[in-house]
Participant: 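Take a look at this one; I'll ask things after.
In the text below, chain A, chain B and the rest are named by the order of the sequence lines, each starting its count at 1.
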Amino acid sequence: MTMSAATQNAFAIGLFSTTPPPSSLTAWNGTALERRYSVYRNNIIASLTEALVSRFPAALNIVGPDFFRAMAQAFIRLHPPRSPLLLAYGDDFPDFVAGFEPARELAYLPDVMRLEVARGRAYHAEEAVPLEARTLADVEPHRLRTLIFKPHPSLSVISSPYPVATIWAMNSGGRPLAALDDWLGEDILVVRPRMTVEMSGLPPGGAAFFRHLAAGVNLAGAADAVQHAEARFDLSANLAILLRSGAFTAFSQGTSDENRHDA
Amino acid sequence: MIPSALPRRAGVGFKPEHFADILAEPQTIGFFEVHAENYMGAGGPPHAQLGKLREDYALSIHGVGLSIGSMQPLDRDHLARLKTLCDRYRPESFSEHLAWSSHDGVFLNDLLPLPYTRETLDRVIEHVDQVQATLGRQMLLENPATYLLFAESTIEETDFLAEIARRTGCGLLLDVNNVFVAATNHNLDPRDYIARFPLEAVREIHLGGHSETIDDHGACLLIDSHDTPVKDPVWALYETVIGRLGPVASLVEWDNDLPAWPMLRAEAEAAQHILDRAAQQRAA
Amino acid sequence: MKTTIATLALAGSLASALAAIATPAAAEDAKEKCYGIAMKGQNDCAAGPGTTCAGTSKIDYQQNAFKLVPKGTCVSMKTPTGHGMLEQGPAPA
């Protein structure tokens, strides 16, 4: 390693530790450099903490700023960013929180944060024009079975055993903080059909239905799979959400239909 | 190579918080500057807003994450993203910092200082050449705000920047606030720094606020915090520079504790006033 | 897999879905629609962090999360097992 490379290496390693500043450094007025070097240490941890604060404001409200910042800093030390694109930094923060002992009692917190990640991804996703409902109205009935839908680039489906969308809304200014009498799981479709990130609560079986369709399973195949697993599945209600949400941008005719015999 | 060519007027750093106010009426703003890394998502409101701004105003794209001052190779993926962004928006100028921010694949999200030696000079020149060749345009390199010095440095920062500009053909971005902050932190006279600076290569100026703290020995230590109005001694230094250089594109940066739009606009108007006066004096 | 959905059922479901969405949703505000400006009072994570080329003078005093307890809205939010806190384990149905 050359001298300058070694200097840089020592500077970088010291930033995440509490050891004395590297010996290669100087100042005009003396040899005590702790505060000067700490400006850089503080800039890094403070700016990355701020990055996580801005991505997870609902989680910040839920646990409060002191706890959130301490938790964020534990994450930053273990998982510093690998890219200068901070808009994607913290995608794996919810997984970290799920295993973070001091937050263990807030079992719903990681899923609220996964919803925040999905919203952030949708916000920055590629533009695409959602499917227009009337184009589907024109499809001949016997061709419906094998339709394959193209997911909107911003689409995510979040499933949780907790009422995460409700908790998120209460902590994002969307609705007042109130007692949650129905502590039921929620499935949420996240999509940004135009400029605003939108969320739709999904009825029973909806999450699986949209996941199948997004994975390229044809319409009959997706409906069949869900109907077998979920008796309350309402195809019509889910199709209405499909058309209204903008979750898909196009459809194509699949080439084969293994289930043709009962058509 | 496309030269850096911002209008010789006052501009401001664009923040999405100000977008609605900016759109509400025509603004007498010479140009807007954005941080490249905030526009590297695939789509969404950031691009919709920047596209709209671009229709009406000159644009400067200012990178904060390329790590040009690193002894390690530049991140080619990041360079490719910068090229995509510059090709898309065709900004009047692209600039980056004489600093490093990535090491061993970790992004440190701060502008870190480097020693000034023959070795680091050659490496930075290599990197600037690589950036300009990839982007097909002249870039501007900005002088840093520093809090420490390196024992091994053998070259003055002003000579270091002059040599980079001479050998690569890049322009320089003179951050007057950084000059004031660094000079104070190293007990130097900022006017001496300006006197030694290769002003002929300057294509843009930055102005911003700083805050005060103290070092380990109780001496004043300034932090380049961009969270206040431009301070009086920085305005004075700026007037000196403009007096010598004539009107040059001048940006007011405000990154933390953002003010309401009218206050930021007033800062730009103050800079514009100084530019106008210099233009009149030259014409007289 | 045994097939249960018939073409007729598919077509029928689609027809009622199309009828259900015939009522248009409320129109978005034009600026919000075109540029995604967040509504006032909305605290949205979607935009995420902006980068900075500035330092900060605010010292981020590092605290140990293991010595803190969450003290945000979770304190007042009522869950089936008390205020905000929920024991790990199978979720209530």
Participant: Before accepting this row, confirm whether a basic side-chain N of the pair A:Glu50/C:Lys58 lies closer than 4.0 Å to the acidic partner's carboxylate O.
Facilitator: no
Participant: Measuring heavy-atom distances to chain C, does A:Arg69 have an atom under 4.5 Å in its side chain, in its backbone, in both, or in neither?
Facilitator: side chain
Participant: Can the ring centroids of A:Phe68 and A:Phe75 be said to lie less than 6.0 angstrom from one another?
Facilitator: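 Aromatic pair excluded; centres sit 6.0 Å or further apart.
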Participant: Which bit of A:Leu177 is near chain C, if near means a heavy-atom gap under 4.5 Å: side chain, backbone, both or neither?
Facilitator: side chain
Participant: With a 4.5 Å cut-off on heavy-atom pairs, point out which of A:Val53, A:Asn43, A:Leu239, A:Ile62 contacts chain C the most.
Facilitator: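 If we count pairs closer than 4.5 Å to chain C, A:Ile62 comes out on top.
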Participant: Can A:Arg194 and A:Glu127 be counted as an ion pair, charged N to O under 4.0 angstrom?
Facilitator: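 No.
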Participant: Under 3.5 Å, is there a donor on one side chain and an acceptor on the other for A:Ser236 and C:Ser16?
Facilitator: yes
Participant: Under the criterion side chain to side chain contact (heavy atoms under 4.5 Å, CB included), which of A:Asp187, A:Val217, A:Ile241, A:Val226 is the partner of A:Phe209?
Facilitator: A:Val226
Participant: Step by step, work out the side-chain hydrogen bond (donor to acceptor under 3.5 Å, both in side chains) result for A:Asn171 and C:Thr73.
Facilitator: CA-CA 8 Å; A:Asn171 286 284; C:Thr73 58; 2.5 Å; yes
Participant: Is it the backbone or the side chain of A:Arg77 that comes under 4.5 Å from a heavy atom of chain C, or both, or neither?
Facilitator: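 For A:Arg77, the side chain is the part near chain C, not the backbone.
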Participant: Could you tell me which of A:Ala133, A:Ala70, A:Pro84 has the largest number of non-hydrogen atom pairs under 4.5 Å with chain C?
Facilitator: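 The candidate making the most pairs under 4.5 Å is A:Ala70.
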Participant: At a heavy-atom separation under 4.5 Å, does C:Lys67 approach chain A through its side chain, its backbone, both, or neither?
Facilitator: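 C:Lys67 has no heavy atom closer than 4.5 Å to chain A.
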Participant: Identify which part of A:Leu136 has an atom lying under 4.5 Å from any heavy atom of chain C, answering side chain, backbone, both or neither.
Facilitator: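 Both backbone and side chain.
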Participant: Quick one: do the A:Thr166 and A:Glu186 side chains pair a donor with an acceptor below 3.5 Å?
Facilitator: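 On atom types as modelled, these side chains qualify, holding a pair under 3.5 Å.
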Participant: Which one, A:Met71, A:His124, A:Glu101, leads in non-hydrogen pairs under 4.5 Å with chain C?
Facilitator: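 The answer is A:His124.
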Participant: What part of A:Ala74 lies closer than 4.5 angstrom to a heavy atom of chain C: side chain, backbone, both or neither?
Facilitator: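 Contact with chain C involves no heavy atom of A:Ala74 at all.
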